[in-house]
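Residue numbers start from 1 in every chain, and the chains themselves are labelled A, B, ... in the order their sequence lines are given, proteins ahead of strands. Atoms considered below: every heavy atom in the structure, side chains included; atoms not considered: hydrogens, waters and symmetry mates.
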Number of protein chains: 2
Amino acid sequence: MNYAVELLKKSGIKATPQRVAITEIIHSSGHIDIDGIYKSIKVTFPSLSLATIYKNINSMVEKKFIQEVSIPNSKPKFEIVKEVHGHIICPKCNSIADIKVDETILRNSVDEKFDKFSLSIYRECC
Amino acid sequence: MNYAVELLKKSGIKATPQRVAITEIIHSSGHIDIDGIYKSIKVTFPSLSLATIYKNINSMVEKKFIQEVSIPNSKPKFEIVKEVHGHIICPKCNSIADIKVDETILRNSVDEKFDKFSLSIYRECC
DNA sequence: CTATATGCAAATAGTTTGCACGGAT
DNA sequence: ATCCGTGCAAACTATTTGCATATAG
């Protein structure tokens, strides 16, 4: 079965064509904001409305299917939820790359136990 | 001389009463969002407008006098720029606490050199 | 068949901008 | 006298909501 459809079903979300398209775009882009999703979807799916994207993003976030990546001074982007990792964010163009982080070492570093963390590193890439 | 006035002058920003008030509120609260600043200032400074807060926050961020702390699914908060540190953020009430992080250990952990990073840990506090 | 999702339009919220006035140097 | 900041109102942008119709399961 299709990757996106499978993901959606696993999360207990009805796999409408719109949701499949949104999921595929987030997945293939890695990190993308609402407007990027909208522009990208419009090409092959002209009837899809912004309101539908917002509604679906919100319920996908609630279901912990996707998560928000906050970016200072810019629109948040979204990514498929996967194992804990960090991000390198370019403060000029706001592009994002994932990085592996060693959770054990981080735990020692902050001298705390925690469930979920997020490490962002800012470096110009352009 | 007043702490806030000193900070402002050091950053080459004219120390108007409004800016002093904004600076003092950010400093004493630790982390606060635009609306919090507005509500807090209104009490003792009823004429101050939201537009003035936005304008000043923007120029203070440009001057690297304060910085934005992004919070998923919520308004960003602002803090006085100081040494590199991390944050513990409560996903329920969005309160923030600073934590020390060991930069050397983090550097090893992510196997990268970088100028500026940000570590957020999410844990319910309420 | 039934419950839920979509798409439109309208409403709301958040932020920025333009401009006239006022205060500091 | 000049420059810059403030405060208001208007403009703009982003996001949410209500509702009628369409569609997945």
Side-chain angles (χ1 to χ4, degrees), chain A residues 1-2 4-26 32-63 65-66 68-78 94, chain B residues 1-2 4-5 7-9 11-25 32-63 65-78 94:
Chain A
M1 196 195 295
N2 179 310
V5 174
E6 221 172 311
L7 262 185
L8 285 160
K9 295 211 164 158
K10 232 189 293 180
S11 308
I13 302 175
K14 214 184 269 188
T16 65
Q18 289 88 340
R19 283 174 183 160
V20 172
I22 291 171
T23 302
E24 280 170 350
I25 285 169
I26 296 175
I32 192 166
D33 63 17
I34 297 285
D35 208 51
I37 296 170
Y38 187 59
K39 287 202 183 80
S40 180
I41 270 184
K42 274 291 181 189
V43 179
T44 50
F45 208 139
S47 74
L48 195 145
S49 80
L50 251 185
T52 298
I53 297 179
Y54 277 109
K55 285 171 190 167
N56 282 324
I57 290 290
N58 286 342
S59 60
M60 287 170 172
V61 168
E62 263 166 34
K63 291 256 167 45
F65 173 82
I66 61 171
E68 186 180 320
V69 181
S70 307
I71 306 176
N73 312 315
S74 185
K75 296 300 183 57
K77 298 194 178 186
F78 298 88
N94 297 315
Chain B
M1 193 195 297
N2 179 310
V5 174
L7 262 185
L8 285 160
K9 295 210 164 158
S11 308
I13 303 175
K14 212 185 271 183
T16 65
Q18 289 87 340
R19 284 173 183 160
V20 172
I22 292 171
T23 302
E24 280 170 350
I25 285 169
I32 191 165
D33 62 17
I34 296 285
D35 207 52
I37 295 171
Y38 187 59
K39 287 203 182 80
S40 180
I41 270 185
K42 273 291 181 188
V43 178
T44 50
F45 210 139
S47 74
L48 195 145
S49 81
L50 251 186
T52 297
I53 298 179
Y54 277 109
K55 284 171 190 166
N56 282 325
I57 289 289
N58 286 342
S59 60
M60 288 171 172
V61 168
E62 265 167 34
K63 293 251 166 48
F65 173 82
I66 60 169
Q67 66 192 357
E68 185 180 321
V69 181
S70 306
I71 306 176
N73 312 315
S74 186
K75 297 300 182 56
K77 298 193 177 187
F78 298 89
N94 295 315

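Taking Lys42(A) as the reference, nothing meets the salt bridge (charged side-chain N to carboxylate O under 4.0 Å, His left out) condition, with sequence neighbours excluded. Not counting sequence neighbours, Lys63(A) has no partner by the salt bridge (charged side-chain N to carboxylate O under 4.0 Å, His left out) test.
For dT15(D), neither phosphate oxygen OP1 nor OP2 lies less than 4.0 angstrom from any side-chain nitrogen or oxygen of Asn58(A). Dashed line: the shortest gap from a side-chain N or O of Thr52(A) to OP1 or OP2 of dG7(C) is under 4.0 Å. Taking side-chain N and O atoms only, Gln18(A) has a distance below 4.0 Å to OP1 or OP2 of dG7(C).
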Report each atom pair, protein N/O against N/O of nucleotides 12-14 of chain C, whose distance is under 3.5 angstrom.
unit_1  : atom_1 : unit_2   : atom_2 : d
dG14(C) : OP1    : Lys75(B) : NZ     : 2.8
dG14(C) : O5'    : Lys75(B) : NZ     : 3.3

For nucleotides 18-24 of chain C, give me every protein contact, N/O to N/O, under 3.5 Å, one pair per line with atom names.
unit_1  : atom_1 : unit_2   : atom_2 : d
dG18(C) : O6     : Lys55(B) : NZ     : 3.0

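The rotation axes computed at either terminus of the helix from dC1(C)-dG25(D) to dT25(C)-dA1(D) lie 40° apart, taking five pairs at each end and rounding to 10 degrees.
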Inset, instruction - Show your reasoning for whether side chain to side chain contact (heavy atoms under 4.5 Å, CB included) applies to Asn2(B) and Glu24(B). - result: CA-CA 10 Å; Asn2(B) 179 310; Glu24(B) 280 170 350; 3.0 Å; yes
Inset, instruction - Start with the C-alpha distance between Ile57(A) and Ile37(A), add both sets of side-chain angles, then the distance that settles side chain to side chain contact (heavy atoms under 4.5 Å, CB included), and finish with yes or no. - result: CA-CA 10 Å; Ile57(A) 290 290; Ile37(A) 296 170; 3.9 Å; yes
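Residues from residues 33-48 of chain A placing a heavy atom under 4.0 Å of any atom in DNA chain C, listed by number, are Ser47(A), Leu48(A).
Here Thr16(A) lies in heavy-atom contact (under 4.0 Å) with sugar-phosphate atoms only.
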